[in-house]
Amino acid sequence: MTEKHKLELEIKNQPPPKPKDVAEEDKSLLGGYTVKINNYGWDQSDKFIKIYISLNGVQKLPAENVQVNFTERSFDLLVKNLNGKNYTMTFNNLLKPISVEGSSKKIKTDTVLVMCRKKREEKWDCLTQVEKESKEKEKAAYDTSDPSEGLMNLLKKMYAEGDDEMKRTINKAWVESREKQSKGDIPMDI
């Protein structure tokens with residue numbers, strides 16, 4: 001009976017089990033909400049495409065909190081628990097294939113550097129296939145034999161990409177031009 005009583009006291013005096021603390025630690029690693037990274041810079045050498053992502057204080061995180069997964073045509077970056085938030089960036093459909101084994105990441109002061117090793121040493125004009133197609137469409141829109149058509153395409157692009165103030169200015173100029181034409185102040189064809 002006395003041994004049984006001793007064991008019961010020992011069990012009572014032991015600290016509570018750790019699994020609860022581990023679960024809370026995992027929650028803190030994935031805590032907060034996830035922010036999609038949209039701002040980055042990139043450069044290239046003969047062998048690498050380098051993507052620079054600025055994140056304040058990233059160098060203070062443990063290395064396992066910064067993860068990059070590479071495939072032949074994509075990569076995704078996940079930064080866990082930086083100032084209470086998770087950060088993510090995904091690049092799909094890279095312009096050309098990369099070497100998964102030769103690609104890596106480096107953590108520098110306030111910057112994550114993602115280094116994608118090129119399979120072939122050639123110059124990339126842009127990072128993704130989508131970027132390339134968009135540049136080609138834009139270039140085709142300006143290649144016209146009619147100068148007024150090129151000007152009209154430029155105005156359409158400015159209107160589509162402009163902020164509210166730009167749109168108001170273009171609308172005002174358009175309305176004033178139409179009013180002058182209807183009064184007969186200026187000819188229709190310039």
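Under a hydrophobic-cluster definition in which Ile, Leu, Val, Met, Phe, Trp and Tyr are linked whenever side-chain heavy atoms come within less than 4.5 Å, directly or via other members, Ile170 and Val175 are assigned to different clusters. Clustering ILVMFWY residues whenever any of their side-chain heavy atoms sit less than 4.5 angstrom apart, transitively, puts Val58 in the very cluster that holds Val35.
Residue pairs satisfying the salt bridge (charged side-chain N to carboxylate O under 4.0 Å, His left out) criterion with at least one member in residues 163-176, sequence neighbours excluded, are listed as follows: Glu165-Arg168. Evaluation of the ring-ring contact (aromatic ring centres under 6.0 Å, His included) test over residues 59-110, restricted to residues two or more places apart or in two chains, returns Tyr40-Phe91, Phe75-Phe91. Counting only residues at least two apart or on different chains, no ring-ring contact (aromatic ring centres under 6.0 Å, His included) pair has a member in residues 100-137. Applying the salt bridge (charged side-chain N to carboxylate O under 4.0 Å, His left out) test to residues at least two apart or on different chains, the pairs with a partner in residues 55-76 are Glu72-Lys119. The ring-ring contact (aromatic ring centres under 6.0 Å, His included) contacts involving residues 151-181 comprise nothing, where partners must be two or more places apart or lie in separate chains. The list of salt bridge (charged side-chain N to carboxylate O under 4.0 Å, His left out) pairs with a residue in residues 35-44, not counting sequence neighbours, is empty.
Residues forming a side-chain contact (heavy atoms from CB on, under 4.5 Å) with Gln67 (at least two apart in sequence, or on another chain): Leu78, Lys80. With sequence neighbours left out, the salt bridge (charged side-chain N to carboxylate O under 4.0 Å, His left out) criterion links Lys132 to no other residue. Considering only residues two or more places apart in sequence or on other chains, Glu122 meets the side-chain contact (heavy atoms from CB on, under 4.5 Å) condition with Lys96, Arg120. Residues that satisfy the side chain to side chain donor-acceptor pair (under 3.5 Å) test with Gln129, not counting sequence neighbours, are absent from this structure. Qualifying salt bridge (charged side-chain N to carboxylate O under 4.0 Å, His left out) partners for Glu131, counting only residues two or more places apart in sequence or in other chains: none. For Ser45, the side-chain contact (heavy atoms from CB on, under 4.5 Å) partners two or more places apart in sequence, or in a different chain, are Phe48, Lys50.
No option in Asn65, Leu61, Asn86 other than Leu61 meets the side chain to side chain contact (heavy atoms under 4.5 Å, CB included) test with Val79. With Tyr52 as the partner, the side chain to side chain contact (heavy atoms under 4.5 Å, CB included) test is satisfied by one option alone out of Leu113, Asn39, Val114: Leu113.
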Given the rule in the side chain to side chain contact (heavy atoms under 4.5 Å, CB included) test, do Arg117 and Ile98 qualify, once you have shown the distances and angles that lead to the verdict? CA-CA 5 Å; Arg117 175 126 186 157; Ile98 61 172; 5.8 Å; no
Which is it for Lys183 and Lys180 under the side chain to side chain contact (heavy atoms under 4.5 Å, CB included) test, yes or no, and what are the steps along the way? CA-CA 5 Å; Lys183 289 181 184 176; Lys180 285 182 181 179; 5.8 Å; no
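Closest approach of Cys116 and Ser103 over heavy atoms only: CA-OG, 3.4 Å. In terms of heavy atoms, Lys118 sits closest to Ile49 at CE-CD1, 3.7 Å. Of all non-hydrogen atoms in Val100 and Thr71, the two that sit nearest each other are CG2-C, 3.5 Å. Between Asn92 and Thr128 the shortest heavy-atom distance is O-CG2, 3.8 Å.
Between the side chain of Ser182 and the backbone N or O of Glu179 there is at least one donor-acceptor pair closer than 3.5 Å.
Contact check for Ile51 versus Leu77: no side-chain heavy atoms found under the 4.5 Å cut-off. With a 4.5 Å cut-off on side-chain heavy atoms, Ile37 and Leu55 count as touching. Side-chain atoms of Ile53 and Thr111, non-hydrogen and from C-beta on, never get closer than 4.5 Å to each other. With contacts defined as side-chain heavy-atom distances shorter than 4.5 Å, the pair Asp110/Gln59 qualifies. Side chains of Lys105 and Met115 form no contact here, defined as non-hydrogen atoms less than 4.5 Å apart. Counting heavy atoms from C-beta outward, Glu161 and Met166 have side chains that stay 4.5 Å or more apart. Between Lys85 and Thr34, every side-chain heavy-atom pair lies at or beyond the 4.5 Å cut-off. Contact check for Val112 versus Val66: side-chain heavy atoms found under the 4.5 Å cut-off.
Electrostatic pairing of Asp125 and Lys123 counts as a salt bridge here, judged by a charged N lying under 4.0 Å from a carboxylate O.
In this structure, Ser74 OG and Leu94 CG are separated by 6.5 Å, a value rounded to the nearest 0.5 Å.
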